Amino acid sequence: MTVTPTSPDTTMEAISQAVVEGRAGDIVSARQKLLALWSTIGVTGDPLHRCTLAHYLADLYEDPAQALAWDIRALDAADAVTEQRVQQHNAGLHIAGFYPSLHLNLADNYRRLGSFDAATGHITAAKEHAPNLPQDGYGAFLRTALDEVAEAISRRDIAKRAFAPGPAA
């Protein structure tokens, strides 16, 4: 998700910095920073902050059960985010565009845990929201991932996908 804020948001900036750090390979430090931010934000804090943080924090766990807990938090927070709040952060974003990725991640974690009925429900939801994806590289990446996860569910495959987000195995 590329974001261009319409006004400074120090929490989103701190989340972004931790994400960059994690993607650069410092998983432990990035996770610690995001967990510290989560403690500051709290479970009743700004839903956009909670959704964004939980979504990225889930990617920092190899264990699908730990990732699942954060992905559930991300989806719950997304349900509380208003379109106005998303637009305040970035006029080019829409909350509807978050749902394909959120449901995809849940489907993939449930699949890796062998909970194929739950995985099927979330991959179906992700595909229902897929028309909200942009027609760009990010959208194409997610559409490919949707197909990969759906196929893995149909095969009852619990192996981590080669191009799944998260720490290197």
Side-chain angles (χ1 to χ4, degrees), residues 1-27 30 33-34 37 46-61 64 67-68 70-112 119-154 157 160-169:
M1 229 179 296
T2 303
V3 292
T4 307
T6 55
S7 62
D9 184 331
T10 57
T11 301
M12 291 298 271
E13 289 171 3
I15 292 168
S16 294
Q17 289 171 357
V19 168
V20 168
E21 193 172 314
R23 289 181 177 166
D26 196 347
I27 304 301
K33 288 177 181 176
L34 290 174
L37 278 170
D46 182 332
L48 180 62
H49 292 160
R50 290 186 290 125
C51 177
T52 305
L53 186 148
H55 178 67
Y56 288 116
L57 185 54
D59 291 346
L60 298 177
Y61 287 95
L68 177 65
W70 288 104
D71 284 328
I72 290 169
R73 288 179 182 113
L75 181 62
D76 286 345
D79 289 341
V81 175
T82 65
E83 185 67 17
Q84 179 183 4
R85 175 62 180 104
V86 173
Q87 293 289 301
Q88 177 189 18
H89 175 67
N90 180 316
L93 289 179
H94 300 281
I95 190 61
F98 290 31
Y99 286 96
S101 179
L102 295 171
H103 282 289
L104 169 66
N105 290 353
L106 286 163
D108 204 28
N109 285 320
Y110 279 120
R111 175 194 64 80
R112 290 189 60 211
T120 299
H122 282 285
I123 202 68
T124 299
K127 287 182 175 188
E128 288 170 358
H129 289 284
N132 296 312
L133 289 170
Q135 297 298 321
D136 60 8
Y138 174 74
F141 170 78
L142 282 179
R143 285 182 189 87
T144 298
L146 286 169
D147 292 340
E148 289 174 358
V149 171
E151 177 60 28
I153 292 168
S154 71
D157 182 355
K160 183 174 180 181
R161 294 179 303 114
F163 298 105

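In this text the structure is predicted, and so the values were computed from the model without any measurement.
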Considering all heavy atoms of both residues, which atom of Ala145 and which atom of Leu104 are nearest to each other, and what is their separation?
-> CB-CD2, 3.6 Å

Return the minimal non-hydrogen interatomic distance between Tyr138 and Ser101, and the atom names on each side.
-> OH-CB, 3.7 Å

Would you mind reporting whether Arg85 and Asp46 have side-chain heavy atoms less than 4.5 Å apart?
-> yes

Test item: Phe141 and Asp136 side chains (from C-beta on) under 4.5 Å apart, heavy atoms | no

Closest non-hydrogen atom pair between Ala30 and Ala18, with its separation = CB-O, 3.2 Å

Between Tyr56 and Thr52, is any pair of side-chain heavy atoms under 4.5 Å apart?
-> yes

Can you name the residues that form a side-chain contact (heavy atoms from CB on, under 4.5 Å) with Ala54, not counting sequence neighbours?
-> Trp38, Trp70, Arg73, Ala74

Decide yes or no for His49 and Asp9: does some side-chain heavy atom of the first lie under 4.5 Å from some side-chain heavy atom of the second?
-> yes

Would you check if there is a donor-acceptor pair between the side chains of His122 and Asn109 at a distance under 3.5 Å?
-> no

With the side chain counted from C-beta on, respond yes when Val20 and Ser16 share a heavy-atom pair under 4.5 Å apart, and no when they do not.
-> no

How long is the span from the OG1 atom in Thr11 to the CG atom in Leu53, to the nearest 0.5 Å?
-> 9.5 Å

Side-chain contact test, heavy atoms from C-beta onward, threshold under 4.5 Å: evaluate it for Arg112 versus Leu68 and give yes or no.
-> no

With a 4.0 Å cut-off, would you call Asp76 and Arg50 a salt bridge?
-> no

Between Leu75, Asp71, Ile123, which is the residue that forms a side-chain contact (heavy atoms from CB on, under 4.5 Å) with His103?
-> Leu75

Heavy atoms only: give me the nearest Gly22-Leu60 pair and the separation to one decimal.
-> CA-CD2, 4.2 Å

Of all heavy-atom pairs linking Leu93 and Glu83, the shortest is O-OE2, 3.7 Å

Spacing of CG belonging to Asp26 relative to CD belonging to Glu21, to within rounding of 0.5 Å | 4.5 Å

Are any of the side-chain heavy atoms of Ile15 and Leu34 separated by less than 4.5 Å?
-> yes

Minimum side-chain heavy-atom gap His94-Asn132 below 4.5 Å = no

Nearest-0.5 Å distance that lies between atom CG in Leu37 and atom CE in Met12 | 11.0 Å

Residue pair Cys51 / Ala77: nearest heavy atoms and the distance that separates them | N-CB, 3.4 Å

Short question: side chain of Tyr99, backbone of Ala78 - any donor-acceptor pair under 3.5 Å?
-> yes

The complete set of side chain to side chain donor-acceptor pair (under 3.5 Å) pairs with one or both residues in residues 139-154, sequence neighbours excluded, reads Glu148-Arg161

